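Just so it is clear, the model here is predicted, and its values are computed rather than measured.
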Amino acid sequence: MDPTPIREITILPGRSRSGEPERFEAITISPGDTISIVGPTGSGKSAFINDIEVFAQNDTATGRTVLVNGAYPPEEFVRDPAHKPVALITQNTQCLADLTVEEFLVMHVRSRKIEDEEIVGRTIDLANEFTGEAIRPDARMTALSGGQTRSLLVADAVMIAAAPVLLLDEVENAGIFKERVIEVLRAGGKAVIFVTHDPLVSLLSARRIVMRDGAVERVIEPDGRENAALREARRLDGILRQMREEIRAGNLITGSVGA
């Protein structure tokens, strides 16, 4: 049986750590949406996306409820990993299985009963668009860097899991190409929700959810009003990226970069 297509996911309000009700009626996430979850450390950002990942039904500490297409989610979404439409990737994700990259992906392809023989190669190619450190099919999963691992898992979620909703918890700190990830996910009609402290990721998102005291404080929709700030963030991010590559290469930076 084909899984239920996702038209929208709706988050209904819960309460703050102090017990105050959250001040929003509903937050709706649709295919192609890009949303950043921002706020101080410990403000409840990860808890917000965890509620989405487990399809909370007023059964988590936040008291939120998550609906799929306006109704309670099908049981298969909650209980069956093969049908789960949400992929959560964190900066602490590690692979403990001592497999090669190819073996790891082949195992996932078989578990999904996918017959496309070329999908493993395409997944590795896509992962290499997200990271400057080339990922080889024969590399051991346990030997990949943080950036390589996160890039591979994002590509796997897009190509093999075909998850329509991706939750990315501070993965930009792991050396992936942020703009390329967002570009690919948007083009593929994926909804992507970032927990982030990165100004560029926040400015690239269509909406920002601001967290305080474990609760949603406000939802911001810039609607083009931050275009000048986005241009400046892109320029500065390019300079920092060039500096990073020079430092990795063992070079001294004795002059201006990106002028």
### Modelled atom types, side-chain donor and acceptor of Thr34 and Arg186, under 3.5 Å
yes
### Message
Please tell me whether Asp169 and Ser46 have a donor and an acceptor in their side chains that are separated by less than 3.5 angstrom.
### Response
yes
### Query
Can you name the nearest heavy-atom pair linking Ile29 to Ile35, along with the distance?
CG1-CD1, 3.7 Å
### Task
Consider only side-chain heavy atoms of I, L, V, M, F, W and Y, link residues closer than 4.5 Å, and tell whether Val54 and Val86 are in one cluster.
no
### Query
Is there side-chain contact between Leu67 and Leu12, with heavy atoms separated by less than 4.5 Å?
yes
### Query
Can you find a heavy atom in the side chain of Asp198 that is under 4.5 Å from one in the side chain of Lys178?
yes
#### Entry: Common cluster, Met211/Leu88, ILVMFWY with side-chain heavy-atom separation under 4.5 Å
yes
### Ile209-Phe24 co-clustered via ILVMFWY side chain contacts under 4.5 Å
yes
### Task
Please tell me if the side chains of Thr65 and Tyr72 come closer than 4.5 Å, counting only heavy atoms from C-beta onward.
yes
### Query
Where do Glu8 and Thr28 land on the side chain to side chain donor-acceptor pair (under 3.5 Å) test, with the steps shown first?
CA-CA 6 Å; Glu8 62 181 27; Thr28 300; 5.0 Å; no
### Task
For the pair Ser43 and Asp213, evaluate side-chain contact (heavy atoms from CB on, under 4.5 Å) and give the outcome as yes or no after the intermediate values.
CA-CA 5 Å; Ser43 59; Asp213 188 32; over 6 Å; no
### Query
Are the side chains of Thr196 and Ile37 in touch, meaning some heavy atoms are under 4.5 Å apart?
no
### Task
Apply salt bridge (charged side-chain N to carboxylate O under 4.0 Å, His left out) to Arg180 and list each qualifying residue two or more places apart in sequence or on a separate chain.
Glu129, Glu183
### Task
Under the salt bridge (charged side-chain N to carboxylate O under 4.0 Å, His left out) rule, collect the residues that match up with Arg218, sequence neighbours excluded.
none
### Message
Are Arg212 and Pro40 packed together at the side-chain level, in the sense that at least one heavy-atom pair is separated by less than 4.5 angstrom?
### Response
yes
Below 3.5 Å, can you tabulate the donor-acceptor pairs from side chains in residues 156-167 to any protein atom, sequence neighbours excluded?
| from | atom 1 | to | atom 2 | distance (Å) |
| --- | --- | --- | --- | --- |
| Asp156 | OD1 | His108 | ND1 | 2.8 |
| Asp156 | OD2 | His108 | ND1 | 3.1 |

### Query
When rounded to the nearest 0.5 angstrom, what is the spacing between CD1 in Ile11 and CD1 in Ile49?
11.5 Å
### Task
Looking only at non-hydrogen atoms, find the nearest pair between Ile6 and Pro31 and report the distance.
O-CG, 3.6 Å
### Partners meeting side chain to side chain donor-acceptor pair (under 3.5 Å) with Asp51 (sequence neighbours left out)
Thr60, Thr62, Arg64
### Query
What residues form a side-chain contact (heavy atoms from CB on, under 4.5 Å) with Pro222, not counting sequence neighbours?
Arg208, Ile220, Glu226
### Query
Which pair of heavy atoms, one from Phe77 and one from Phe55, lies closest together, and at what distance?
O-CE1, 3.9 Å
### Message
Using only atom types and a distance under 3.5 Å, with no angle test, would you say the side chain of Gln148 pairs donor to acceptor with the backbone of Ser145?
### Response
yes
### Task
Kindly indicate whether the side chain of Arg150, heavy atoms from C-beta on, has any atom under 4.5 Å from the side chain of Ile89.
yes
### Summary
Hits for side chain to side chain donor-acceptor pair (under 3.5 Å) against Asp223, two or more places apart or cross-chain, chain-then-number order -> none
### Query
Are Ile114 and Leu105 in one and the same hydrophobic cluster, where Ile, Leu, Val, Met, Phe, Trp and Tyr link if side-chain heavy atoms are under 4.5 Å apart?
yes
### Task
Could you pull out all residues at least two apart from Ile253 that satisfy side-chain contact (heavy atoms from CB on, under 4.5 Å)?
Met243, Glu246, Ile247, Val257
### Query
Would you call Lys45-Glu170 a salt bridge at under 4.0 Å N-O?
no
### Task
Taking side-chain contact (heavy atoms from CB on, under 4.5 Å) as the test, write out the residues that go with Ala228, two or more places apart.
Arg231
### Task
Is it possible for you to say whether Leu126 and Ile119 belong to one hydrophobic cluster, with membership spreading through side-chain heavy-atom contacts below 4.5 Å?
yes
### Message
Among residues at least two apart in sequence or on other chains, which ones pass salt bridge (charged side-chain N to carboxylate O under 4.0 Å, His left out) with Asp116?
### Response
Arg122
### Message
Could you measure the distance from the CG atom of Leu152 to the CZ atom of Phe104? Nearest 0.5 Å is fine.
### Response
6.5 Å
### Query
Rounded to the nearest 0.5 Å, how far does OG1 of Thr142 lie from CG of Leu99?
8.5 Å
### Query
What's the verdict on side chain to side chain donor-acceptor pair (under 3.5 Å) for Ser205 and Ser36, showing C-alpha distance, side-chain angles and the deciding distance?
CA-CA 6 Å; Ser205 302; Ser36 290; 2.5 Å; yes
### Sequence neighbours excluded, every pair satisfying salt bridge (Lys or Arg N to Asp or Glu O under 4.0 Å) that has a member inside residues 30-43
Asp33-Arg207
### Query
When you look at Arg140 and Thr100, which way does the side chain to side chain donor-acceptor pair (under 3.5 Å) test go after all the steps?
CA-CA 4 Å; Arg140 312 302 295 187; Thr100 67; 5.5 Å; no
### Summary
CD (Glu103) and CG (Asp138) are apart, to the nearest 0.5 Å, by 10.0 Å
### Query
Is there a side-chain contact between Val216 and Arg23, using heavy atoms and a 4.5 Å cut-off?
no
### Task
Kindly write out the residues that satisfy salt bridge (charged side-chain N to carboxylate O under 4.0 Å, His left out) with Arg17, not counting sequence neighbours, or none if the list is empty.
none
### Point-to-point distance, once rounded to the nearest 0.5 Å, from CG of Leu200 to CZ of Arg241
8.5 Å
### Task
Using a 4.5 Å cut-off on heavy atoms from C-beta on, say whether the side chain of Ser151 contacts that of Glu133.
no
### Query
Who are the side-chain contact (heavy atoms from CB on, under 4.5 Å) partners of Asn128, not counting sequence neighbours?
Ile124, Thr131, Ala134, Ile135
